[in-house]
Amino acid sequence: MDHLNQSMVTFFIIKGISDVPELQIPIFLLVLLIYLLTLGGNMTILVLVYLDPHLHTPMYFFLVNLSILDMSSTTVTLHKIILTGLTGNRATSYVSCMAQMYFVGSFITDELLVLTAMSYDRYVAICNPLRYTVIMNHRDSALLAIACWVLGLIEVIPYMVLIGGFSCYRSNVVNHFFCDVVPVIKLPCNDTSTLEILFIFEGAFLLTLSPFLLTFLSYIFIIVTIMKIHTRAGRHKAFYTCSSHLTIVILLYTTLICQYLTPIKEDSLEYNKLLALLNMVAVPILNPLIYSLKNKDVKNALKKKLHF
Ligand SMILES: *[C@@H]1O[C@H](CO)[C@@H](O)[C@H](O)[C@H]1NC(C)=O
């Protein structure tokens, strides 16, 4: 079922990471392991933050937001590989493919926005420490978090409406391991140039560049403030409180820019799949690791709960 000239598509075939039969079981086991580790790591962060009163600060509540996002987005992106491994069925219904695109798109935006909110939190903590509890109060930081989620859910609607309008597909085989926008918009026989322009404009300029610039700006202020601290120990301590966040920011933006801003060509889809794997899999699993390995407060909370 490869050429569907002028016909409606009711389901898509998800090609997966690889076609090679011998690789199916190793890929399945690896993805299952990664998925369980991601759930485990992020659940640990969630439980620790709720149980330990020392972690009841906006920074850690935002981190919980990030963990929930990470668990949701890996569930959306990896469940098909795991199900295919169990049932051998590569087909996914049209509706569930559209739902995947919608949620992956909005989770990525949410993640960037929550990280931007966290950089604002770090900016206030370092540049305006005396007023930190006043500025980052519960109500305002909760509102900020809600705004991030809502914006993420709304932002995807325009290009999902365009994608939903395509009625004719050349093929229903998605060369990816989930329904991602980049491979799916290669499939319609209609002209997709409006969609591609909208996607690049929204994705690149509105939703990647603006959070990036805001984060960048926060870090410029943070660095200037840190440079003004006279003692070396003081500078080190101030930098330490934002190093986990900065690591995740660099990791996420680098993989996202490589994945979505490289020109979309048929022959770059394999490369795009690898980047997506890195982005969708490495980032969610590294978030809790970076925060627990690099962060004294989280390490202490973990030790206390495990009675070391
Ligand atoms: C998300 O972050 C906000 C801001 O700190 C916080 O108020 C809210 O409780 C967090 N949400 C969850 C589910 O932890």
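Positions are given from 1 along the sequence. Source: prediction; values computed, not measured. Note that ligands are numbered from 1 as they come in the structure, with each ligand's atoms numbered from 1 the same way. Both backbone and side-chain heavy atoms feed into the values below; hydrogens, waters and symmetry mates do not.
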Within reach of ligand 1, part of Leu144 (heavy-atom separation under 4.0 Å): neither

Location of contacts on Ala142 toward ligand 1, heavy atoms closer than 4.0 Å: both

Verify atom 9 (O) of ligand 1: protein non-hydrogen atom under 4.0 angstrom away: no

Nearest-0.5 Å distance that lies between atom CG in Asn172 and atom OG1 in Thr92: 11.0 Å

Tell me which protein heavy atom sits closest to [atom], plus the residue, atom name and distance to 0.1 Å.
atom                    : result
atom 13 (C) of ligand 1 : Ile68 CD1, 3.6 Å
atom 3 (C) of ligand 1  : Ala145 CB, 3.5 Å
atom 5 (O) of ligand 1  : Phe61 CB, 3.2 Å
atom 4 (C) of ligand 1  : Ser141 O, 3.2 Å
atom 11 (N) of ligand 1 : Asn65 ND2, 2.9 Å

Polar side chain donor-acceptor pair, Tyr120 to Thr215, under 3.5 angstrom: no

Pair Asn128, Tyr123: side-chain N/O donor-acceptor within cut-off below 3.5 Å: no

Over all atoms of both residues, closest heavy-atom pair of Asp121 and Pro58: OD1-CB, 3.6 Å

Within-shell test, Tyr50 vs ligand 1, heavy atom, strictly < 4.0 Å: yes

Mutual orientation of the aromatic rings belonging to His176 and Phe178 [parallel < 30°, tilted 30-60°, perpendicular > 60°]: perpendicular

Within-4.5 Å side-chain heavy-atom neighbours: Met98 and Phe12: yes

Which of the ligand 1 atoms, numbered from 1, are nearer than 4.0 Å to a heavy atom of Val64: 14 (O)

Without placing hydrogens or testing angles, list every side-chain donor-acceptor pair under 3.5 Å for residues 217-227, not counting sequence neighbours.
from   : atom 1 : to     : atom 2 : distance (Å)
Ser218 : OG     : Leu214 : O      : 3.0
Tyr219 : OH     : Cys242 : O      : 3.3
Tyr219 : OH     : His245 : ND1    : 2.7
Thr225 : OG1    : Phe221 : O      : 2.8

